[in-house]
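Atom set for the values below is all heavy atoms of this structure, side chains included, hydrogens, waters and symmetry mates excluded. Lettering follows sequence order; numbering is per chain, from 1.
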Amino acid sequence: MVDYAGWDMPVQYPAGPATEAKACRGGAGIFDVSHMGEIRVIGEEALDFVQYCSSNDAAKLQPGAAQYSLLLNAEGGVKDDIIVYRIDASEFLIVVNAGCKDKDWEWLSQKSAHFRVTLADESDRTALIAVQGPEAPALVARLARGYALPGTRFRFGAAKVAGAACMVARTGYTGEDGFELFCAPDDAPGLWAALLDAGASACGLAARDILRIEAAYPLYGHELAEETSPMGSGLQWAVKMYKKDFIGRNAMVVRSQAPLREVLAGIKISGDAKAIPREGCELFAPNVAASVGYVTSGTLSPTLGCGIALVHMGRGWAEPGKQLELDIRGRRVPVEVVNLPFYRNGV
Amino acid sequence: MTVPEGLRFTRSHEWVRQEGGIVTVGISDHAQEELGDVALVQFPEVGRVLQKDEKFGEIESIKAVSDLFAPIAGEVVAVNGGIDDAPESVNNDPYGEGWLIKLRPMKAEEMESLLDQAAYDEYVKEL
C-alpha cells in the first residue's frame with residue numbers, strides 16, 4: 001500500500017501487475033478509483049460555465065452523455081484532464097484527477113463567481129469502482145438485472161449493481177470496454193466483494209498504469225502539466241477552438257500560429273533487447289548529439305511482451321519505423337517509433 | 001521458505017554461499033518480495049574483477065530497479081544464463097535456481113564481515 005495523492009492505495013495485489021493487467025484484458029479487472037474528485041455544477045448558467053472552463057464542447061452533450069476534456073489555464077497549458085458528464089440541461093458532474101482536486105476546486109470556484117451556478121465538491125461522498133475488460137459489461141449486467149445499462153461508450157445512467165445505487169458510466173482508462181460505477185462510500189466494499197465474487201480480478205495502481213500506457217492515455221503530471229500544451233500532447237481534438245470564448249483560447253490561437261515542434265509519440269524496445277523505459281530517459285537519434293526527446297511514461301507491456309513508452313519528442317523524428325536509441329541509466333538501448341495506441345480493444 | 005544453511009548476507013540484501021573455492025551470489029527472499037516479479041537482470045561480464053560493495057548489476061521489476069552489490073571482492077566466473085528466459089526463478093527460488101553470479105573470492109576473510117542468517121533476519125525486522 002502506498003500514499004497516492006493523499007490516499008492509501010494498493011500498488012498491486014498478490015497476483016502482481018503483469019498478471020493483473022492480463023486478467024483485465026482477458027476478462028474483467030476491477031480498480032478502486034475512489035480517490036478521483038467529483039465536482040457538481042448546478043444552475044441556469046451551468047452550460048455557459050462549463051463551456052468557459054472546459055476545452056471541449058459540452059453543448060454537444062445530451063443528458064446522459066459524457067466527454068473527455070481539459071481544464072486549460074490562461075496560457076493554454078493544462079491544469080487537469082477531466083471527464084464532463086451532462087446530468088441534464090442545468091447540471092453537470094466533472095470528474096477530476098485526485099492529485100489536482102484541490103487545485104481544480106479552487107480554480108473552478110473562483111471562476112464560478114461570474115456565473116449563475118452553484119458548485120459542490122462531492123469527492124468525499126463518492127466512491128468509484130472501475131470494471132474493465134471484454135467480460136466487464138456482461139459481468140456488471142449480471143449484477144444489475146432489471147436495469148438498463150449504457151449501451152455505448154461515454155453514456156451513463158442510474159442502476160442498482162449488486163444492490164448498490166450507482167451512476168453507471170461506460171467510460172474507462174484501460175483501452176477496454178467496461179463501466180465505472182459511482183456509488184456511496186458505504187456501499188463500495190459490498191459492491192467490490194460482489195464484483196470479485198462474480199469473477200472480476202482486483203487490479204492495483206501498477207496494473208492500471210500498464211493498461212493506460214498501452215492504451216496511450218495521458219496521466220496528469222507525466223504527459224500533461226500546467227506548462228504543456230494540448231497540441232504537443234496529441235490532445236488538440238479535445239480543444240474546440242470554434243467555441244466563442246473559453247479560458248486559454250487566446251493563448252491557443254497564438255500557439256497554433258507557430259509550427260508544432262514537439263509531439264507525444266510512442267516507442268517500443270527493438271528486437272530482442274530486454275529493457276524497461278522509465279520516465280525521464282532521454283531519446284537519441286543517429287548522428288545527433290543532443291537528445292531529441294524524453295520518456296513521459298514507460299513500462300514493460302505484458303500485452304506486447306516488450307518495453308514501451310510514451311515520449312515527448314521532436315516532431316521530425318516521430319515517424320513510425322524510425323530507429324532511435326534510448327538512454328536507460330547510462331546504457332543505450334535500440335528503440336523504434338511506433339503508432340499509438342500500443343493497444344486498445346475496440347474503444 | 002526454507003533458507004539453506006550457512007549463507008551469509010549483506011545489508012543490501014545479497015546472499016553468498018561458499019562452494020569450495022567459488023562463492024555463489026543472489027538476492028534474498030526479502031529482496032525478491034519487495035521487488036515484485038523480476039522482469040530482467042543486468043549482469044556483469046565474466047572475467048570482471050569486483051571490489052567489495054561495488055555495484056555489479058541491476059535487477060528490475062515493473063515497479064522498481066535495484067542495484068546489485070558485490071558482497072566480497074572477486075572475479076566473476078559465471079553468471080546465471082537461465083535468468084533471461086526465466087526471471088521468475090529469482091522470485092520462486094531465490095536461494096537456488098535464482099542465483100545471479102559466481103565469484104572467485106580475492107580475500108576469503110571478507111566472508112567473515114558479512115551477516116549470518118540470524119543477524120540478517122534481525123536486520124530485516126528493523127527496516
Enquirer: What I want to check is whether the side chains of B:S113 and B:R8 have a donor and an acceptor closer together than 3.5 Å.
Expert: no
Enquirer: Taking 4.0 angstrom as the limit, do A:E336 and A:K322 come out as a salt bridge?
Expert: no
Enquirer: What residues of residues 264-286 of chain A make heavy-atom contacts with chain B at a cutoff under 4.5 angstrom?
Expert: A:K274, A:A275, A:I276, A:R278
Enquirer: Would you kindly say whether B:E88 and B:N91 are connected by a side-chain donor-acceptor distance under 3.5 Å?
Expert: no
Enquirer: Between A:A207 and chain B, with a heavy-atom cut-off of 4.5 Å, which part of the residue counts as in contact: side chain, backbone, both or neither?
Expert: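 When you check distances to chain B, no heavy atom of A:A207 falls under 4.5 Å.
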Enquirer: Between B:V49 and B:E54, which heavy-atom pair has the shortest distance, and what is it?
Expert: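 Heavy atoms only, the tightest pair is O-OE1, 4.0 Å.
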Enquirer: Do we see a donor-acceptor contact under 3.5 Å between the side chains of B:T24 and B:E19?
Expert: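 There is such a pair between these side chains.
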Enquirer: Is it the backbone or the side chain of A:L205 that comes under 4.5 Å from a heavy atom of chain B, or both, or neither?
Expert: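 Contact with chain B is absent: no heavy atom of A:L205 under 4.5 Å.
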Enquirer: Measure B:I62 against the heavy atoms of chain A and call it side chain, backbone, both or neither at under 4.5 Å.
Expert: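 Its backbone and side chain both get close to chain A.
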Enquirer: Quick check on the 6.0 Å ring-centre criterion: do A:H222 and A:Y217 meet it?
Expert: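 Here the rings of A:Y217 and A:H222 have centres that are no less than 6.0 Å from each other.
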Enquirer: May I ask you to decide if the ring planes of B:Y120 and B:F9 are parallel, tilted or perpendicular, using 30° and 60° as cut-offs?
Expert: parallel
